[in-house]
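All remarks here apply to the structure that follows.
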Amino acid sequence: MKGHCRFSASKAVKAQLLLRGKVKLESLNIDPRTALGLDASYSERGGVGIGAAVLTSLETLEPVDCKIYISRVCVPYIPGLLAFRELAVMAPAASPLSPKADVVMVDGHGIAHPRRFGIASHVGVILERPSIGVAKRKLTGRLVEEAGVRYVVQNGEKLAVVVGEPPRGVYVSPGHMITLEEAASVAKAAVKPGGWMPEPTRLADRISRAVKTIVKGQTLISYSHTSLCSARLGPGVEDLERPLLKAGIEVE
DNA sequence: GCGACAG
DNA sequence: ATCTTGTCGC
């Protein structure tokens with residue numbers, strides 16, 4: 001039987017309004033050497049979510065460690081409330097690695113959000129780590145160009161910097177414990193030559209998608225970085241242990 | 001009422 | 001984000 005899913009959008013909004021008071025946008029004050037890239041994929045028919053956290057060197061832009069968390073999901077996607085859907089699988093994947101990361105980079109917006117509390121801010125506050133939002137599309141605000149730099153602006157506030165040329169570009173906004181300028185600088189430096197997405201979130205995206213094929217019962221042909229990963233399983237997906245082990249992914 | 005709408 | 005066939009381009 002499918003478990004009940006209770007989710008109140010109005011209560012979620014209230015939680016955001018409460019938690020956003022914790023956000024600090026002060027300077028990072030260091031040169032970050034590692035970033036933890038976060039993303040999630042879903043096997044919708046099974047109602048299963050896959051959260052991936054990839055610790056990435058900002059010197060080499062190569063992955064150095066990876067955690068996967070898989071669980072049933074039931075919260076719907078509602079624009080502005082993305083975090084409530086993704087955090088359930090993203091946070092458990094991220095917590096063991098976040099102490100080792102200088103900054104957390106999340107697929108989605110930071111303060112470039114209607115209530116200034118996108119998923120990257122939410123993650124930063126929860127993990128108490130500096131965080132950056134990297135989104136492929138704009139959620140709120142308008143585009144303004146200033147001195148050759150394009151910003152997302154709302155109510156006179158600069159919320160995000162556009163890195164690259166959309167749709168082959170990303171909107172970068174601070175999540176927590178970092179400034180807009182620093183967030184943009186870190187994200188830009190994490191884009192490989194010829195690439196358009198910063199490596200930490202790009203790697204998290206690729207790995208979570210690779211694991212999704214296993215969840216769907218398909219065979220993972222080969223993806224070199226999955227061997228770096230270890231997975232943990234939430235309630236209701238214990239039957240995935242075999243296929244994951246067979247694909248070379250350690251299960252804790 | 002209308003347009004916009006991360007993943 | 002996911003689903004999904006063929007199709008267009010490097």
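Proteins get letters first, then strands, A, B, ... in listed order; numbering begins at 1 in each.
- Here R142(A) lies out of heavy-atom contact (under 4.0 Å) with every strand.
- Residue I78(A) is classed as having no contact, given no heavy-atom separation below 4.0 Å to the nucleic acid.
- When heavy atoms are screened at a 4.0 angstrom cut-off, G133(A) is found touching no nucleic acid atom at all.
- Backbone-only engagement by Y42(A) is indicated by non-hydrogen atom pairs under 4.0 Å involving sugar-phosphate atoms exclusively.
- Atom CZ of R209(A) is separated from atom C1' of dT4(C) by 14 Å (rounded to the nearest Å).
- At a cut-off of 3.5 Å, with distance as the only test, no side-chain donor of E62(A) or T56(A) sits close to an acceptor on the other residue.
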Original post:
So S57(A) and T60(A), side chain to side chain donor-acceptor pair (under 3.5 Å) or not? Walk me through it.
Top reply: CA-CA 6 Å; S57(A) 164; T60(A) 65; 3.3 Å; yes
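- Nucleic acid contact for I50(A): none, since no nucleic acid atom lies under 4.0 Å from a heavy atom of the residue.
- Within the cation-pi definition used here (under 6.0 Å to the ring centroid, within 45° of the axis), K158(A) qualifies as a partner of Y151(A).
- Between E182(A) and S185(A), the side chains place no donor N or O within less than 3.5 Å of an acceptor N or O (distance only, hydrogens not considered).
- Listed pair K212(A) / dA1(C) fails the phosphate criterion, with no side-chain N or O lying under 4.0 Å from OP1 or OP2.
- With hydrogens and angles left out, the side-chain atoms of S230(A) and K67(A) include a donor and acceptor closer than 3.5 Å.
- Residue S41(A) is classed as a sugar-phosphate contact, given heavy-atom separations below 4.0 Å to backbone atoms only.
- No donor-acceptor pair closer than 3.5 Å links the side chain of H176(A) to the backbone N or O of E128(A).
- The closest donor-acceptor contact from the side chain of R72(A) to the backbone of G47(A) lies at 3.5 Å or more, if one exists at all.
- Contacts between chain A and DNA chain B, taken as any atom within less than 4.0 angstrom of a protein heavy atom, begin and end at dC5(B) to dG7(B).
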Original post:
Based on Watson-Crick and G-U pairs with both distances under 3.5 Å, what dot-bracket line describes DNA chain C 5' to 3', crossing pairs as [ ] and inter-strand pairs as |?
Top reply: ..........
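- Look at R168(A) and E165(A) and you find no salt bridge, because none of the NZ, NE, NH1 or NH2 atoms lies under 4.0 Å from a carboxylate O.
- Note on K216(A): every side-chain N or O is 4.0 Å or more away from OP1 and OP2 of dT2(C).
- Here the closest non-hydrogen pair linking K138(A) and V152(A) is CD-CG2, 4.1 Å.
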